[in-house]
There are 2 protein chains.
Amino acid sequence: MEKIEKFNEKYYHILKVIAQKMGDEKTLRITSGELALLTGMSQQNASRLILEMENEGIIDRKISGRHQNISITESGLDILYGEFAELSQILGIGKSTSICGTVQSGLGEGRYYVAKKPYLIQFNEKLNMIPYPGTLNVKVDNNDEKTLRHIRARKGILIEGFSSDDRTYGAVKAFKCNIKGVECALIFPYRSIYRDVLEIISHIYLREKLNLEDGDSVEIKFDI
Amino acid sequence: MEKIEKFNEKYYHILKVIAQKMGDEKTLRITSGELALLTGMSQQNASRLILEMENEGIIDRKISGRHQNISITESGLDILYGEFAELSQILGIGKSTSICGTVQSGLGEGRYYVAKKPYLIQFNEKLNMIPYPGTLNVKVDNNDEKTLRHIRARKGILIEGFSSDDRTYGAVKAFKCNIKGVECALIFPYRSIYRDVLEIISHIYLREKLNLEDGDSVEIKFDI
DNA sequence: ATTACTAGCCAACGAGTAT
DNA sequence: TATACTCGTTGGCTAGTAA
């Protein structure tokens, strides 16, 4: 059932050019002819690729009159950050990095999920950690959003999902990390869109051990 | 005359897989069938691409009996590091980094080249620096070779080449950097193979200012 | 077993053009 | 001006098979 992520070669090049041209803006007003020039293809082909990418959910378009405003969707960003992460791994660059953020209160959901037995067994086996039943929620600083996207795009450690009587629990992606020297792990739902709030687990109660309160700044260090 | 570097889409995917499978080894013994499985293409196509990449100088092959040992050439590495650098720039990741190395004596060539007027004019305009006539040579630590390849692959600041009566002087690629807070610039011949000795220029005589002698360790910091 | 030649096919392309 | 449809062509693919 798990579909193998195929590197979307067809759209990769033009997507890269769009991202480059966008710079720090969120949308880009560009004609298919300009894109054709930038990519070295024909206007017709650029137009066709744009249509296809829109259908595939890689980009969004707002057409106003004869012009189009293009933005890149989360799915499109995943392609770019995924490729970057893959190259980082292959070339062995940027193995250690860190993300800064602010402690905040979660909704208490973390505690519920983390405590499920099938997850616990895997946390123990794959992370060598029996987590304290609860997660530390950290809102990522805006400056480190890009770093988070980079980490998210990496393979990480797969914690498999499972089904209980009533419902299914999705797969989780984990990354070992540390806060002020305390070993912990960042966990994401395996399939999810980008969120700027991290959930951190550890074998101990991080808030107490590190004396953390809502609003405190923390630096989460990764060695991947 | 300057050929536009075309992103070699055709070979990129299989090259990535080869690099991944190689890991830290220098060569890889692999059959076209295995490569086909890893890339999701037919054995015949993998074989054909390998032949083409060999002809293009992207990989080297040693055929022993029925087996082949593949290695990636400098030109092949340029494709991978180039792609990584491009994505880094587009996504705005890894803007600051550093390279460590050891000071060593150059051959005195640097002094000769750097002092040429057309270079000096551009150093002043583009780097805002009238360099001391000579270069600091730094042998890069093995650990930082990958970081150097990454920087090399970036666009940098182009110092154009020129012709004098007797010969031509090639284009130079420069990167602003600093050593212990002193502004300087790393310069490469624009077209050259990988070398692990850096040439650094600065407006002052770095050896004296920083009290450097052969064998001393230095950290060169980049903000790109 | 392996590499790699040949033939045939089709997805993706450029050109022309409608809108 | 633009975007994007249709059509003819072809580069790059798979399959079969020789070496």
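Only heavy atoms go into these numbers, but all of them, side chains included; no hydrogens, no water, no symmetry mates. Residue numbers begin at 1 in each chain, while the letters A, B, ... track the order of the sequences.
Contact annotation for A:Ile50: no contact, since no heavy-atom pair falls under 4.0 Å across all strands.
Every residue two or more places apart in sequence or in another chain that forms a salt bridge (charged side-chain N to carboxylate O under 4.0 Å, His left out) with B:Arg61 is listed here: B:Glu54. The salt bridge (charged side-chain N to carboxylate O under 4.0 Å, His left out) check on B:Glu74 picks up B:Arg149, with sequence neighbours excluded. A search for side-chain hydrogen bond (donor to acceptor under 3.5 Å, both in side chains) contacts involving B:Thr147 returns nothing, not counting sequence neighbours. In this structure, the salt bridge (charged side-chain N to carboxylate O under 4.0 Å, His left out) partners of B:Asp78, at least two apart in sequence or on a different chain, are B:Arg152. With sequence neighbours excluded, the residues satisfying ring-ring contact (aromatic ring centres under 6.0 Å, His included) with A:Tyr169 are A:Phe162. When the side-chain hydrogen bond (donor to acceptor under 3.5 Å, both in side chains) test is applied to A:Thr97, no partner is found at least two apart in sequence or on another chain. The salt bridge (charged side-chain N to carboxylate O under 4.0 Å, His left out) test applied to A:Lys139 returns A:Asp196, not counting sequence neighbours.
Separating the NE2 atom of B:His67 from the P atom of C:dT2 is a distance of 6 Å, rounded to the nearest angstrom. In this entry the distance linking CZ of B:Arg29 with C1' of C:dT2 reads 11 Å, nearest Å. Atom P of nucleotide C:dT2 and atom CD1 of B:Ile30 are separated by 12 Å, given to the nearest angstrom. Distance, B:Glu52 CD to C:dT3 P: 16 Å, rounded to whole Å. Distance B:Met41 CE to C:dA4 P: 15 Å, rounded to the nearest Å. Between B:Asn69 atom CG and C:dT3 atom C1' there is a gap of 14 Å when expressed in whole angstrom units. In this entry the distance linking CG of B:Asn45 with P of C:dC10 reads 16 Å, nearest Å. Note: OH (A:Tyr11) to P (C:dA12) measures 7 Å, nearest angstrom.
Distances shown here put every side-chain N or O of A:Arg48 at or beyond 4.0 Å from the OP1 or OP2 atom of C:dA12.
Each ring-ring contact (aromatic ring centres under 6.0 Å, His included) pair with one or both residues in residues 69-103 of chain B, not counting sequence neighbours, appears once here: A:Phe84-B:Phe84, B:Phe84-B:His150. Sequence neighbours left out, not one pair with a member in residues 167-179 of chain B passes salt bridge (charged side-chain N to carboxylate O under 4.0 Å, His left out).
Salt bridge present: B:Glu52 and B:Lys10 bring a charged side-chain N and a carboxylate O closer than 4.0 Å.
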With 3.5 Å as the limit, what N/O pairs link the protein to nucleotides 16-18 of chain C?
| from | atom 1 | to | atom 2 | distance (Å) |
| --- | --- | --- | --- | --- |
| C:dG16 | N7 | A:Gln44 | NE2 | 3.1 |
| C:dG16 | O6 | A:Gln44 | NE2 | 3.0 |

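Close approach of DNA chain D to chain A, defined as any atom under 4.0 Å from a non-hydrogen atom of the protein, starts and stops at D:dT1 to D:dC5.
When the options A:His67, A:Lys21, A:Met22 are evaluated for a side-chain contact (heavy atoms from CB on, under 4.5 Å) with A:Ile30, the one that passes is A:Lys21.
In this structure, of C:dT2, C:dA12, C:dC13, it is C:dT2 that holds the atom nearest to the side chain of B:Thr31.
Within a 6.0 Å sphere centred on CG of B:Asn55, heavy atoms belonging to other residues, nucleotides or ligands number more than 12.
The overall bend of the helix from C:dT2-D:dA19 to C:dT19-D:dA2, read as the angle between its terminal helix axes built from five base pairs each, is 30° when rounded to 10 degrees.
Taking for each of A:Gly40 and A:Arg66 the nucleotide of DNA chain C with the nearest heavy atom, the 5'-most of the two is the partner of A:Gly40.
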